[in-house]
**Student:** 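Below is the structure I would like to discuss, written out as structure tokens.
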Amino acid sequence: MISQASLPSVHEEEGLQVTEDPKKEYIPTESNRGLAVANLVDEDDDIAPENLPQAKSADNAIAQSEAQHQESIKQVKIYLLLGIIFILAVALILIVTLSVRNKPGETVMPTPSQTPIPTSVPTSYSEYWLSVFPESTVSTILEDLGSPQSMAFGWLMEEIHILHSLTEGRVLQRFVLATFYFANSKERWSFSDNWLNHSVHECLWYSSLEHWYFESEANFVLSLDLINPCEQDLAGYLEDGILHQGDGIIRHLWLSFNGLMGSGIPPELYLLTELKSLALDELNLTSTIPEELSGLSNLEYLSMISCDLYGSVPEALGSLSKLLAVYFAFNSLTGTIPSSLYSMMSSMRSIILTYNQLTGPVPTELGLLTNLQSLTLDTNLFTGTIPTELGRLTLLEALLLNDLMLRGSIPNELAVLTDTLVLQLDNSGLTGTIPRWLGNVTSLEGLTISENSFNGTIPTELGLLTKMRTFWLDVNALSGTIPSELGMYEQVGVLTMSGNSLTGTIPTELGLLTELIQLWLQDNELTGTVPLELGNVPFPAPYGEVWLHGNDLSGVIPESLCSANNLTFDCGTMLCGCGWCNCSSMSMLEVENQHANGQLLVEENQTST
């Protein structure tokens, strides 16, 4: 045992410090590193040697002290980091709040010079969003900074905080729309309300859907309860210029008749996988039909009328199995109609390919489209005959095969098309006689078979078509008389039979057609007088026309008919009237003949008195 009395009160030896308090542990310093620390034990303590306290290493004590110091520093750093995060969060909330306060109707239109290129975007954000895009798109963004894709990506990265609140689908959607915007001469758009406004939902960016839906044939195949690009939910609501509704996915992209001009449809458009209708009429593309459209697997309505399209119709479009209507009218498309268009689209209801340069025969396979209600192939270079298979299209309401290079007659198989409203076969090289069964198509409102080589007589059965509004038979080789049954056309506005070899007199029953605007009877072999009853028809301006010249008519034009907007007849010794064709030169025999027919000549009566 070490006695307390045997130790000095304070002793320093080679750096070892002993305090006056024998109970207090020695504090190690740098000078006594490596030495053991001894603690005093009272001599009165009855402690067995094996139970005596063991000496502690000064190094261990120092290490413990340093660990405590490092722990204190670590806690300070944590508090500092939390403080920085808090400050950044407050700043972000302020930025979001200020940006949302934009006026709902205000449109922000960045110009290309204002749009940052992708290299100015933080690497982590740009790399993440680039990983979402297809490789071809990423290559375009990185390699061509002036491309619509690159400018759209730069615009997208302007408001990173907005992207955090959107799904990947919404971000892709915004990118595609922005790419389309930069690709098509945005400065020339007639309307571009809210386009590229970060604070406005894409469903509120301008769309011509509301303007043109009921003016087009879209409502013929699409049934929309609410005219909205995103098919707005009934529970949706508008707040601070932001549309809150459903999933907010674009399903209808309509920019028809909006002055668009540029590089056209970017291939990224197929990323709008939920798109149901696409209408870009009068978009001056001057390009081929993009095959990428075949990626829009949910597309039901496709209209690209008057878009300066050329080339052939892509076979790939046949994969659009849900397509109900395709309109490529007034373009410069060539080649034949691809077989995939009618082999894969059994649900097709309307095809309009008017005014192109398509060639080949009219496909017999069109008869497979039994749901077809409108088939418009006029003004192309199709050859051959009218396919008898078209008789399978019993739901057909409109068949337009005019201005083609066909041959042959109207097939009798078409007699079953009793629901047809419009049949246009004019200027297509057809021959034969006018089928009598046409009188059984009682729903027919428009029949145009002019400028062909039809011969024979006009069937009296055509008088059964009481719903007729336009009836064109001019410039054929028809003979015989004009059936009086045509007087049953109470709603007809256009009746043309000029340029044939019709004989006989003008039926008085035509005077019952009070809705008639145009009556063309010129260049036939008609004889007799102009019936007084024809004067009951007003033929009003600006389209009213009564053309009687080029016949062998005689007598005096009824005075009431002289008020027609546009009246033509062969003024001469056999026919006169209406003031501008003086009847005073007519012989007394001719005058007596007119009186005998019940036609009173005002000028003659005045002379005799």
**Student:** Do you know which two heavy atoms are closest between Leu358 and Leu353, and how far apart they sit?
**Tutor:** CD1-CD1, 3.8 Å
**Student:** Looking only at non-hydrogen atoms, find the nearest pair between Leu280 and Cys307 and report the distance.
**Tutor:** O-SG, 3.1 Å
**Student:** Give the intermediate values and the outcome of side-chain hydrogen bond (donor to acceptor under 3.5 Å, both in side chains) for residues Asp426 and Thr448.
**Tutor:** CA-CA 6 Å; Asp426 52 301; Thr448 305; 4.9 Å; no
**Student:** Return the NE2 to OG distance between His252 and Ser207, rounded to the nearest 0.5 Å.
**Tutor:** 9.0 Å
**Student:** For the aromatic rings, using the six-membered ring if either is Trp, is the centroid distance between Trp547 and Phe539 under 6.0 Å?
**Tutor:** no
**Student:** Can any side-chain N or O of Asn356 pair as donor or acceptor with the backbone N or O of Thr334 at less than 3.5 Å?
**Tutor:** no
**Student:** Can you give me the closest heavy-atom contact between Asn452 and Asn476, atom names plus distance?
**Tutor:** C-OD1, 3.0 Å
**Student:** How long is the gap from CD on Glu461 to CG on Leu465, to the nearest 0.5 Å?
**Tutor:** 10.0 Å
**Student:** Do any side-chain atoms of residues 401-412 form donor-acceptor pairs under 3.5 angstrom with protein atoms, and if so which ones, sequence neighbours left out?
**Tutor:**
from	atom 1	to	atom 2	distance (Å)
Asp403	OD1	Asn427	ND2	2.7
Asn412	OD1	Trp437	NE1	2.9

**Student:** Does any N or O in the side chain of Ser347 come within less than 3.5 Å of the main-chain N or O of Ser321, such that one atom is a donor and the other an acceptor?
**Tutor:** yes
**Student:** Give a yes or no on this: more than 12 heavy atoms of other residues, nucleotides or ligands lie within 6.0 Å of atom CD of Glu490.
**Tutor:** no
**Student:** Are Ser350 and Gln373 packed together at the side-chain level, in the sense that at least one heavy-atom pair is separated by less than 4.5 angstrom?
**Tutor:** no
**Student:** Is there a ring-ring contact (aromatic ring centres under 6.0 Å, His included) between Trp472 and Phe454 once you walk through the steps?
**Tutor:** CA-CA 12 Å; Trp472 300 77; Phe454 290 116; over 10 Å; no
**Student:** Applying side-chain hydrogen bond (donor to acceptor under 3.5 Å, both in side chains), run through Asp523 and Ser498 and close with a yes or a no.
**Tutor:** CA-CA 6 Å; Asp523 298 324; Ser498 60; over 6 Å; no
**Student:** Work out which heavy atom in Val494 is nearest to a heavy atom in Leu516; give both atom names and the distance.
**Tutor:** N-CD1, 4.1 Å
**Student:** I'd like to know whether Ile449 forms a side-chain contact (heavy atoms from CB on, under 4.5 Å) with Leu430, so could you lay out the CA-CA distance, the side-chain angles of the two residues, the decisive distance to 0.1 Å, and finally the verdict.
**Tutor:** CA-CA 9 Å; Ile449 56 176; Leu430 299 177; over 6 Å; no
**Student:** Between Asn524 (side chain only) and Ser479 (backbone N and O only), is there a donor and an acceptor less than 3.5 Å apart?
**Tutor:** no
**Student:** When rounded to the nearest 0.5 angstrom, what is the spacing between CG in Leu377 and CD1 in Ile351?
**Tutor:** 7.0 Å
**Student:** Evaluate the side-chain proximity of Thr529 to Ser554: yes if any heavy-atom separation is below 4.5 Å, no if none is.
**Tutor:** yes
**Student:** Tell me if a side-chain donor or acceptor on Asp419 pairs with a main-chain N or O of Leu395 at a distance below 3.5 Å.
**Tutor:** no
**Student:** Hey, could you give me the CG/CE distance between Leu447 and Met468, rounded to the nearest 0.5 Å?
**Tutor:** 5.0 Å
**Student:** For the pair Trp189 and Phe180, name the ring-plane relationship: parallel under 30°, tilted 30 to 60°, perpendicular over 60°.
**Tutor:** perpendicular
**Student:** With the side chain counted from C-beta on, respond yes when Leu253 and Leu177 share a heavy-atom pair under 4.5 Å apart, and no when they do not.
**Tutor:** yes
**Student:** Quick one: CZ on Arg251 to OG on Ser277, what's the gap to the nearest 0.5 Å?
**Tutor:** 11.5 Å
**Student:** Do Leu425 and Leu423 come within less than 4.5 Å of each other through their side chains, counting heavy atoms only?
**Tutor:** yes
**Student:** Verify whether one side chain among Ser208 and Asn258 offers a donor that lies under 3.5 Å from an acceptor in the other.
**Tutor:** no
**Student:** Does Tyr301 reach the side chain of Leu324, with side-chain heavy atoms less than 4.5 Å apart?
**Tutor:** no
**Student:** Kindly check if Cys571 and Cys581 bring their SG atoms closer than 2.5 angstrom.
**Tutor:** yes
**Student:** Under a 4.5 Å cut-off applied to non-hydrogen side-chain atoms, are Leu526 and Thr505 in contact?
**Tutor:** no
**Student:** Where the side chain of Asn380 meets the backbone of Asp378, is there a donor-acceptor pair that is under 3.5 Å apart?
**Tutor:** yes
**Student:** Quick one, Val546 and Asn566 - any side-chain contact, counting heavy atoms below 4.5 Å?
**Tutor:** no
**Student:** Restricting to non-hydrogen atoms, name the atom on Asn331 and the atom on Asp308 that form the minimum distance, rounded to 0.1 Å.
**Tutor:** OD1-N, 3.0 Å
**Student:** Looking at every non-hydrogen atom in both residues, tell me the closest pair between Leu381 and Gln357 and how far apart they are.
**Tutor:** CD1-O, 4.0 Å
**Student:** Please say which of Glu445, Glu515, Arg469 ends up in a side-chain hydrogen bond (donor to acceptor under 3.5 Å, both in side chains) with Gln491.
**Tutor:** Arg469
**Student:** Under the side-chain contact (heavy atoms from CB on, under 4.5 Å) criterion, do Ile386 and Val362 qualify, and how do the steps go?
**Tutor:** CA-CA 7 Å; Ile386 298 176; Val362 178; over 6 Å; no
**Student:** Assess whether side-chain contact (heavy atoms from CB on, under 4.5 Å) is satisfied between Leu275 and Asn298, documenting all intermediate values.
**Tutor:** CA-CA 6 Å; Leu275 206 62; Asn298 288 303; over 6 Å; no
**Student:** I'd like to know if the side chain of Asn455 and the backbone of Thr431 have a donor-acceptor N/O pair within less than 3.5 Å.
**Tutor:** no
**Student:** For Asn440 and Thr418: C-alpha separation, side-chain torsions, deciding distance, then whether side-chain contact (heavy atoms from CB on, under 4.5 Å) applies.
**Tutor:** CA-CA 7 Å; Asn440 297 326; Thr418 54; 5.6 Å; no
**Student:** Find out whether Phe328 and Ile352 are in side-chain contact, i.e. whether some heavy atom of one side chain is under 4.5 Å from a heavy atom of the other.
**Tutor:** no
**Student:** To the nearest 0.5 angstrom, please state how far the CH2 atom of Trp205 sits from the CG atom of Asn194.
**Tutor:** 9.0 Å
